[in-house]
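Here is the structure we will look at, set down as structure tokens.
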Amino acid sequence: MKEKLAKIREQALTQIKSCDTTEKLNEVRVSILGKKGELTSVLKSMKDVPAEERPQVGQWVNETRQEIEKVLEEARTAMEAAIREVRMKEEVIDVTLPAKKAEIGHRHPNTIALEEVERIFIGMGYEVVEGPEVETDYYNFEALNIPADHPAKDEQDTFYVNGDILLRTQTSGVQVHEMEKGKLPIRMIAPGRVFRADEVDATHSPSFHQIEGLVIDKHVTFADLKGTLAEFAKELFGEDTKVKFRPHHFPFTEPSAEMDVSCFKCGGKGCRFCKGSGWIEILGCGMVHPHVLEMSNIDPKEYTGFAFGVGLERIALLKYEIDDMRLLYENDARFLKQF
Amino acid sequence: MNTALSWIKAYVPELSCEDQEYCDAMTLSGTKVEGFERLDKNLDKIVVGQIVSIEPHPDATKLVVCQVNVGSETIQIVTGAPNVQVGQKVPVVLDGGKVAGGHDGGPLPEEGITIKAGKLRGVPSYGMMCSIEELGSNREMYPEAPEEGIYVFEDDVEVGADAVELLGFRDTVFEYEITSNRVDCYSVLGIAREAAATFRKPFIPPVVKETGNGEDVNDYVSVEVKDTDLCTRYCARVCKNIKIGPSPKWMQRRLAASGIRPINNLVDITNYVMEEYGQPMHAFDLDLVAGHKIIVRRAMDGDEFQTLDGQMRKLDSEVLMICDAEKEIGIAGIMGGENSKITDEVKTVLFEAATFNGPNIRKSAKRVGLRTDASGKFEKGLDPRNAEAAINRACQLIEELGCGEVVSGMVDVKVPLAPLRRIAFEPERINSLLGTEVSAEEMLEIFAREDLEYDAEARELIIPSFRQDLVGFADIAEEIARFYGYDKIPTTLPSGEATAGKLSYKLRIEQKARDIAEYCGFSQGMCYSFESPKVFDKLLIPADDKLRQTVTISNPLGEDFSVMRTVSLNGMLTSLATNYNRRNKNVKLYELGNIYLPKAVPVTELPEERMQFTLGFYGDGDFFTLKGVVEEFFESVGMHKKVDYDPQAGKTFLHPGRQALIVYEGTVVGYLGEVHPEVLDNYDIGTRAYVAVIDMPAMIPYTTFDRKYTGIAKFPAVSRDISMVVPKSIMVGQIEKVIAQRGGKILESYSLFDIYEGSQIKEGYKSVAYSITFRAKDRTLEENDITAAMKKILNGLEQMGIELRQ
């Protein structure tokens, strides 16, 4: 019996060696280990073996089976690996072929700039709110300390619907709407569209965007205004940005200022963006005029606040180096794709 | 406002700084310097030379050879100037020196022109004699210069002296941007006062002494102001025996640097005082003033008047006029009349210095169509006290310059002057507003520099009348801030109670709209809010449609920008047309912008502003591409219910067979469709285009950012496919409605997988196939569950005239 098993083993190993496909390997497995296989028939003939020898024979058979199975498995693994190698060699691709992109659209540069500004102020606890674009004279002018006959009304070249209704020339009116709600403290920014009677050219548009900011609380100081806007400038234009505040005049703030930032293109050395001065004028700001607070029923002895207004297009044009404002409203796909 | 630094220094004699330093310091203290220019920046090595001899040029008839004594030596200069004469003293630029421009007076080169010794037609020349144009100016500003040729000095100048200095070019002209509240700074004295306060130097204004010959002005003229609401003060003085001639050079130079042409002594004095004091003055020829009487009153509607520039002006009853006993002789604060114009023959002059109502002057100037230097100053609202100071200064100059004889006294008609304003001095409150710790002493020192008096007993500041901008506490605080230095104020962040930063809900939805549109390939455009009323025709909107009721701008930039849009499509179609015209392929755009719907026409209250999310494209895709974007958007804002589409949208600008209202839970929230071919033609778009408009206020009530997990199904799903032959008139939406209604609780989903019209299908029908999926949450479905549900669905479909295919 032992010899017979050795013979089967010998034969099996030879057959396995000669196999060149996994199918042939399988045939070998069936012919030896299958239901009608040689080894199986040995097992079947166990009944003819004397009882006392059966454990010994059984062990021989199992050993033989295990050995054949092991060799079969090894041969199969090696063969599969070889096949995979070949397949992968055939599957080499040219990785420099063009990408398959999901063609996503692009945000308008104004919106990108606006979202930057919103992100900064939301981080500082400001709520983003809106107000009407068609406004009354009261909210656009009077409540902002610009009474009838004030020259600022002429300066702003207002579009009128009738004597009392106009297209807002500034987002500052939203300040008044917020103050009138009577909920203090206020920390808000109000982005939106404004209108002024300027003919369309490279630097003017009769419709553009501003972002108004307003903080009203107890003990708000001019120093807070400076600190807040300096922080804003750093976030928007880079950590090294310096700011400069110059006195200015706005009817609804006092003291008022204009803020310049060190030119973020040249770092302040002077270039074509800053017209050689090293500084770029960015926004107007100031402490809310006590009379403005009073008109909105806020006691200027208890509360103070600051306000600021930024031109969105100005930031977008500067930041993205857009040289003609008309591009913003033409909606040429080749322009929009660059953002 | 442009002013030479030398003029400022006349009142701040101790002022001494570099131009840039002056510019920076003034800007930081609130008098913004827009720019400055040194008048001698390209003038170098230019001295006074005297022509010793003139010989003809041997080879050129138009040139002469001059020997010129330039002080240190005598040099030979060849010139073609026609006006040279022996003995003349002229500006000479020496070898290697520089002049500002060419003799033709064209634009000045940035770097000037360097003059080198050389030969002219073979004769050596060691310098150049200069014309006023070569020195960078012109005859308008230097009227004494000859019409052609070399500038000639008066005889008393010293040979070899600095010619640039003598001509007043050793100076810098600063351009200031004065804010509208600082009326006082539209004057040299006002700026000088700021400069003195900024640099902590004494301010020494001109000392105006009493003038007059002892006669009484009231014997010469009387004044009556009828409309005191428009004229709060009218000062009149008289000067006689007027001798017209040129004004002195120093006055001419200061005017020229300010951009004002010197004319003659009388005109120059009024202009000089206007610049110096900021108070416009007018001079009448008293002999042309009928009755020697001045009446200040409103004009009559329809009056016409000839101003001294010869133009006829239409007047109305809100224009204030200066009249004599018989007629109008000037438009108050704007311009005098032709009929009382000063000529060189004038003997007696009536000076007027008045205070008119600023807004009235501004509006009158606009209506009359004449904005002058004077009206520009009056419209800001002038200080009545300054009128008196200015007219006395003018009379002083008349006397000092020998221009005439001043009659004593002043006719002064005025409403009583308001007492000087007082403002409480609250140093602690100032510090707490500014976030500073400036001492009360330092504050008082700043106020003193500004000529603000302090009443220590009342603890009040007394505001001088020229500071009309100082009205209350905040104004006072600003004075401290700007002279303490904005740059020295600390930088802090607001302390206060914390607030939550956030977008409003509406803005969050809009942000989502942008995200989804962009994921779907649409780029954001921006369009104007106002457009032409012709847009309605382009969009085929019927004449009586409500959309044609617009918020109309009464003073538009033109018809193209005259009505606020009531539909958002024009902007989108115009943008698509621009892209199509520029051959951009596959353009997909979206816009978020308002439409403006009037509540009544004509507009009496604010219109309704409705945010529209507008999508449009041409190129790859179709109606259903847009439908996909709409549904993606709805899903993203929590609108998970089925969206209905009603083909009866009734939009004239869309293809009648390819349009639908977008309906969510029974509410119309927008529309979409293919653009009507005629509309495409109107916009010159040569390809199919598709648009969708979501009316954000209509949809926002259905949106939510709440999300809830409903579990993942544990039990298997079962699918059944059905194939139908459907009359063409039935829309798949109707089939889906039946499936949804009749599928019961176990219906999980259904999807259309085939739709076909063609030869194998009988006329008037289409083939439609659906896959329907059932699943129960709590058990594995059994065959009879599904059969029952399917049976209900199929019955329903059959009732609609749909045939089932086997």
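Lettering of chains follows the sequences in order, A, B, ..., and the numbering in each one begins at 1.
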Would you compute the distance between atom [atom1] of [X] and atom [atom2] of [Y] and round it to the nearest 0.5 angstrom?
X: A/H106; Y: B/F522; atom1: NE2; atom2: CZ; value: 13.0 Å
X: A/L167; Y: B/I553; atom1: CG; atom2: CD1; value: 4.5 Å
X: B/L493; Y: A/M124; atom1: CG; atom2: CE; value: 7.5 Å

- Message: Set out, in order, the CA-CA distance, both residues' side-chain angles and the distance that settles ring pair (Phe, Tyr, Trp, His ring centres under 6.0 Å) for B/F561 and A/F159, then state yes or no.
- Response: CA-CA 10 Å; B/F561 302 103; A/F159 288 119; 8.3 Å; no
Say whether, by atom type as modelled, one donor and one acceptor occur between the side chain of [X] and the main chain of [Y] under 3.5 angstrom.
X: A/K226; Y: B/Y486; answer: yes
X: B/N181; Y: A/F250; answer: no
X: B/E478; Y: A/S256; answer: yes

For a 4.5 angstrom cut-off between non-hydrogen side-chain atoms, does [X] reach [Y]?
X: A/P300; Y: B/F473; value: no
X: B/Y528; Y: A/S205; value: yes
X: B/S504; Y: A/V129; value: no
X: A/R334; Y: B/N584; value: yes
X: A/K301; Y: B/R429; value: yes

- Query: Checking B/T27 against chain A: side chain, backbone, both or neither under 4.5 Å from a heavy atom?
  - Reply: both
- What is the minimum heavy-atom distance between B/S529 and A/R193, and which atoms define it? OG-NH1, 2.8 Å
- Residues of residues 112-122 of chain A within contact distance of chain B, non-hydrogen under 4.5 Å: A/E115, A/E118, A/I122
- Task: Using heavy atoms and a sub-4.5 Å threshold, report which of residues 215-222 of chain A line up against chain B, by residue number.
- Result: A/D217, A/V220, A/T221, A/F222
- Message: Check B/D24 with A/K244, please: is the shortest side-chain N to carboxylate O separation under 4.0 Å?
- Response: no
- Item | Under-4.0 Å salt bridge between A/E281 and B/K32 | yes
- Message: If you count heavy-atom pairs within less than 4.5 Å of chain A, which of B/S29, B/S495, B/A481, B/C520 leads?
- Response: B/S29
- Message: Looking only at the side chains, is there a donor atom on one of A/T111 and B/Q524 sitting less than 3.5 Å from an acceptor on the other?
- Response: yes
- Query: Distance only, no hydrogens: is a donor on one side chain within 3.5 Å (strictly under) of an acceptor on the other, for A/R187 and B/T499?
  - Reply: yes
- Take B/R182 and A/H249 through the side chain to side chain contact (heavy atoms under 4.5 Å, CB included) test and state the conclusion after the steps. CA-CA 9 Å; B/R182 288 304 302 273; A/H249 171 67; over 6 Å; no
Sequence neighbours left out, cut at 3.5 Å: what donor-acceptor pairs do the side chains of residues 597-607 of chain B make with other protein atoms?
| residue | atom | partner | partner atom | Å |
| --- | --- | --- | --- | --- |
| B/K599 | NZ | B/L606 | O | 3.3 |

- Query: Who pairs with B/S575 by side-chain contact (heavy atoms from CB on, under 4.5 Å), at least two apart in sequence or on another chain?
  - Reply: A/N331, B/C527, B/L589
